[in-house]
Protein chains: 2
Amino acid sequence: MVTLKQLAEQLNVSVSTVSKALHNSEEISKDTILRVKELAEHLNYQPNRMALSLKNNQTKTIGVIIPNVLNHFFAKALYAIETEASQQGYSIITCLSNELLSKEKNSLQLLSNGSVDGFIMSLAEETQVNNTIDHITAILNKDIPVVLFDRVADDIDSDKVIIDDYGASYEATKHLICEGRRYIVHISDIDALSVGKLRKNGYLKALEEDNTYTNEPIFINISQDDDLEAVIDQLFKTHKQVDGIISSDNTSGVVALHKALKLGYNIPKDVSIIGFSDDNVLAFTDPKLSTISQHTMDIGKATVELLIDRLNNKNTTKPLTKTIKTNLILRGTTK
Amino acid sequence: MVTLKQLAEQLNVSVSTVSKALHNSEEISKDTILRVKELAEHLNYQPNRMALSLKNNQTKTIGVIIPNVLNHFFAKALYAIETEASQQGYSIITCLSNELLSKEKNSLQLLSNGSVDGFIMSLAEETQVNNTIDHITAILNKDIPVVLFDRVADDIDSDKVIIDDYGASYEATKHLICEGRRYIVHISDIDALSVGKLRKNGYLKALEEDNTYTNEPIFINISQDDDLEAVIDQLFKTHKQVDGIISSDNTSGVVALHKALKLGYNIPKDVSIIGFSDDNVLAFTDPKLSTISQHTMDIGKATVELLIDRLNNKNTTKPLTKTIKTNLILRGTTK
DNA sequence: TTGAAAGCGCTAACAC
DNA sequence: GTGTTAGCGCTTTCAA
């Protein structure tokens, strides 16, 4: 790496002159500025980022901690965050918690040593199950801003970006009821998560509220060790009368669709299915899955905006919670 | 952030004493060491990473540039890289080129200012199509190590991690021929990429080599603007006799499978299909797609190992190319 | 056993 | 218009 010192030596001026020249200081003569810039250009000088960070006490980088990149939602969120951050001149350091509290803790601890200006994160499953938040409040107490998205915790007093999980699920369920469905099953592989609970409740509320709907709510919860396909298979065996399915996560809806087709159901005539996902995750189902779209790009973008705002006027305002609109996108699996 | 200086002041000793104490220097008395450590612990002291980087001229972070996180292969590679890097005490700064040369260039440029110790990357499509490599050699010339994986370029003299694309595709095609298939179509949406070309050639070679195979090779190339489903639909219309499909990328095989089932083909009786992917990407097809597995975790791990080795003994050895074994995994779409 | 000083690369207040 | 100096937080040589 070429340094100011080297430029200074070659030009027989002082380091500070070079520095000022590169910043177009009024103090420096046009001529000197020109000579300095020429050489800098020629040697491809770049200011050392570590030195700048040390000096300015800001790194221009954001720590991003997500539970699992192999989950399409988080991959897309990462994409959105990277895009917006890079546009705003920030780099991102990515950590994957793999749904583990310990790894989440670790990453937070590791990066809070001046590596990043702030964090954007979505809580690990284990963190949510244990309802552990000390490691996050510790960061907040160090005055390092954190923006939570999707999987958040009420007790953490930070900026947040969420969707209206409850409302979205409520609306989707209502839609199924309006279609005339009277045996609607709720499937979820995220029952333990904050968002999973909200979505479940939205479904419940819609059923309870409608007095033409007489069947009991039916919850199929899939845990990590379960064989998703087997569980869904069982669902169709146990509930032959099923005519509506709402899936709270972004895969089980697709599996249900496949299984239903395989079993000879006519979709959407016999059964309507609505999934929960930004886009048609497995883009190639036939018919295409109707979904609640979360606008993941907007979510990611909002997290970066909130964080950068917070960095620019620290402590100025109360923590904000931004709710991103969802859309019910009706494709081929609903009437 | 608490600093050495603050510890020193509170303890009425010098900064250097504190520093030494924290490093268990022999020079310092047991008693002082204890006092220092106690306070450090109590105040949760962490050495400032930027200061360390500046001093040691190493950042303990790796720049990772991938073309697209929404592609399952790259998401998994990122996962593997993050896992291994974090295990070895490195952080990763993630950049997404979005298949664009300009963004790839940019990220490289941006991070080569002392932000990272080295790079792990897979080339953007545009980079491969234009065969532009100057921006990479420029980095290499600055003595910043680069490890390329998957999408590499022969002209770049760096460490590389690849799979035997040619051989894997050759073997898979041979398998189809051995099954008795005599009308095998090659589908690809990555024809422009280094790996795409190799895979195509492997297919070609297998056909040419077998003199019981008389049909011409058939290539279906899907470009970004094409409607994948429409193209595949057309394929089945144009080539009614098709009895084997080999897909060079990780989605078109799945689409072909869906389409074939929809059209009433019996899979694998009528048509065998082999895809190219680490795992059963769309895990829920029925029957399950037979694939060439790339062991993406191994690929990612190898890139990190190569890079760290290179960082530890710079310039010591010639660039290495590590080839990760592939496996032909026969599931439900082959006999 | 402890401390002072220099230096990593940079900026900025203050001389000259 | 240019240079000197101090300081960001840390390590390390050298002196006390």
Side-chain angles (χ1 to χ4, degrees), chain A residues 1-40 43-61 89 110-117 142-144, chain B residues 1-37 39-40 43-61 110-117 142-144:
Chain A
M1 286 223 30
V2 26
T3 67
L4 285 189
K5 199 176 170 185
Q6 293 170 30
L7 297 183
E9 275 165 8
Q10 286 208 36
L11 293 167
N12 271 315
V13 294
S14 76
V15 169
S16 61
T17 303
V18 176
S19 172
K20 288 173 187 164
L22 288 173
H23 289 90
N24 296 312
S25 162
E26 307 264 290
E27 295 177 14
I28 307 295
S29 72
K30 292 266 167 257
D31 178 59
T32 311
I33 292 189
L34 216 72
R35 292 197 311 138
V36 169
K37 287 198 166 176
E38 224 160 338
L39 186 63
L43 296 184
N44 190 17
Y45 167 79
Q46 290 180 270
N48 182 300
R49 179 153 175 193
M50 297 304 148
L52 281 182
S53 294
L54 188 56
K55 183 86 185 131
N56 303 332
N57 203 24
Q58 63 157 344
T59 61
K60 285 284 187 179
T61 107
L110 187 77
L111 296 184
S112 61
N113 63 354
S115 296
V116 301
D117 295 337
K142 282 192 187 181
D143 241 342
I144 304 177
Chain B
M1 285 222 32
V2 27
T3 66
L4 285 190
K5 200 175 168 185
Q6 293 170 28
L7 297 184
E9 276 165 8
Q10 288 209 34
L11 294 167
N12 271 316
V13 295
S14 75
V15 169
S16 57
T17 302
V18 176
S19 172
K20 287 172 188 165
L22 289 172
H23 289 90
N24 295 312
S25 163
E26 309 261 290
E27 294 177 14
I28 307 296
S29 72
K30 291 265 167 261
D31 177 59
T32 310
I33 292 189
L34 217 71
R35 292 197 311 140
V36 168
K37 286 198 166 175
L39 186 63
L43 297 184
N44 191 17
Y45 166 78
Q46 288 181 273
N48 181 300
R49 180 154 175 190
M50 296 304 149
L52 281 182
S53 293
L54 187 59
K55 185 85 185 130
N56 303 333
N57 204 25
Q58 61 157 348
T59 62
K60 285 284 187 179
T61 108
L110 186 78
L111 296 184
S112 62
N113 63 354
S115 296
V116 301
D117 294 338
K142 283 192 185 180
D143 243 342
I144 304 177

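Proteins come first, then strands; the chains are lettered A, B, ... in the order of their sequence lines, and each starts at number 1. What you are looking at is a predicted structure, and each value in this text was computed from that prediction instead of being measured.
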- Message: Any donor-acceptor pair, under 3.5 Å, between the side chain of B:S14 and the base of C:dA4, if you only look at N and O atoms?
- Response: no
- Query: Over how many whole Å does the gap from A:M1 atom CE to C:dG9 atom P extend?
  - Reply: 8 Å
- Query: Would you say the side-chain atoms of A:T59 pair up with the backbone N or O of A:D117, donor to acceptor, closer than 3.5 Å?
  - Reply: yes
- Item | A:Y45/A:L4 under side chain to side chain contact (heavy atoms under 4.5 Å, CB included): CA gap, chis, key distance, verdict | CA-CA 8 Å; A:Y45 167 79; A:L4 285 189; 3.4 Å; yes
- Task: Going by the side chain to side chain contact (heavy atoms under 4.5 Å, CB included) test, name the single residue among A:V36, A:I33, A:L22 that passes it with A:I28.
- Result: A:I33
- Task: May I ask you to test the B:L7-B:L43 pair for a side-chain heavy-atom distance under 4.5 Å?
- Result: yes
- For the pair made of CD in A:Q58 and C1' in C:dC10, what is the distance, rounded to whole Å? 14 Å
- Just how far, in rounded Å, is C1' of C:dT11 from CE of A:M50? 18 Å
- For B:V13 and for B:A51, locate the closest nucleotide of DNA chain C by heavy-atom distance; then report the residue assigned to the nucleotide nearer the 5' terminus. B:V13
- Task: Let me see the working for B:L11 and B:R35 under side chain to side chain contact (heavy atoms under 4.5 Å, CB included), right down to the final yes or no.
- Result: CA-CA 8 Å; B:L11 294 167; B:R35 292 197 311 140; 4.2 Å; yes
- Query: Which parts of residues 2-9 of chain B get close to DNA chain C, meaning a heavy atom less than 4.0 angstrom away?
  - Reply: none
- Note on the structure: Looking only at D:dG9, C:dC10, C:dG3, the nucleotide nearest the B:L54 side chain is D:dG9
- Compute the angle between the rotation axes at the two ends of the helix from C:dT1-D:dA16 to C:dC16-D:dG1, each taken over five pairs, rounded to 10 degrees. 60°
- Query: Step by step, would you call B:V18 with B:V13 a side chain to side chain contact (heavy atoms under 4.5 Å, CB included)?
  - Reply: CA-CA 7 Å; B:V18 176; B:V13 295; 3.6 Å; yes
- Message: Going by salt bridge (Lys or Arg N to Asp or Glu O under 4.0 Å), name the pairs with one or both residues in residues 13-32 of chain B, residues two or more places apart or in two chains.
- Response: B:K20-B:E27
- Given atom CG of A:L52 and atom P of C:dC8, what is their separation to the nearest angstrom? 16 Å
List, one per line, each side-chain donor-acceptor pair under 3.5 Å for residues 50-57 of chain A, sequence neighbours excluded.
{"residue": "A:S53", "atom": "OG", "partner": "A:R49", "partner atom": "O", "Å": "2.9"}
{"residue": "A:S53", "atom": "OG", "partner": "A:Q58", "partner atom": "O", "Å": "3.4"}
{"residue": "A:N56", "atom": "ND2", "partner": "A:L52", "partner atom": "O", "Å": "3.3"}

- Query: Rounding to a whole Å, what distance do you find between A:N48:CG and C:dC10:P?
  - Reply: 6 Å
- Mind listing the closest non-hydrogen atom pair of A:N24 and A:K37 along with its distance? OD1-NZ, 2.6 Å
- Considering only heavy atoms, which members of residues 17-35 of chain B lie under 4.0 Å from some atom of DNA chain D? B:S19, B:K20, B:H23
- Item | Under the side chain to side chain donor-acceptor pair (under 3.5 Å) test, residues paired with B:S16 that sit two or more places apart | B:S14
- Query: Across the strands shown, which category fits B:V15 at heavy-atom distances under 4.0 angstrom: base, sugar-phosphate, nothing?
  - Reply: base
- Query: B:K142 and A:Q46: which non-hydrogen atoms are nearest, and at how many Å?
  - Reply: NZ-OE1, 2.9 Å
- Item | Length of the NZ-P vector between B:K55 and D:dG7, whole Å | 18 Å
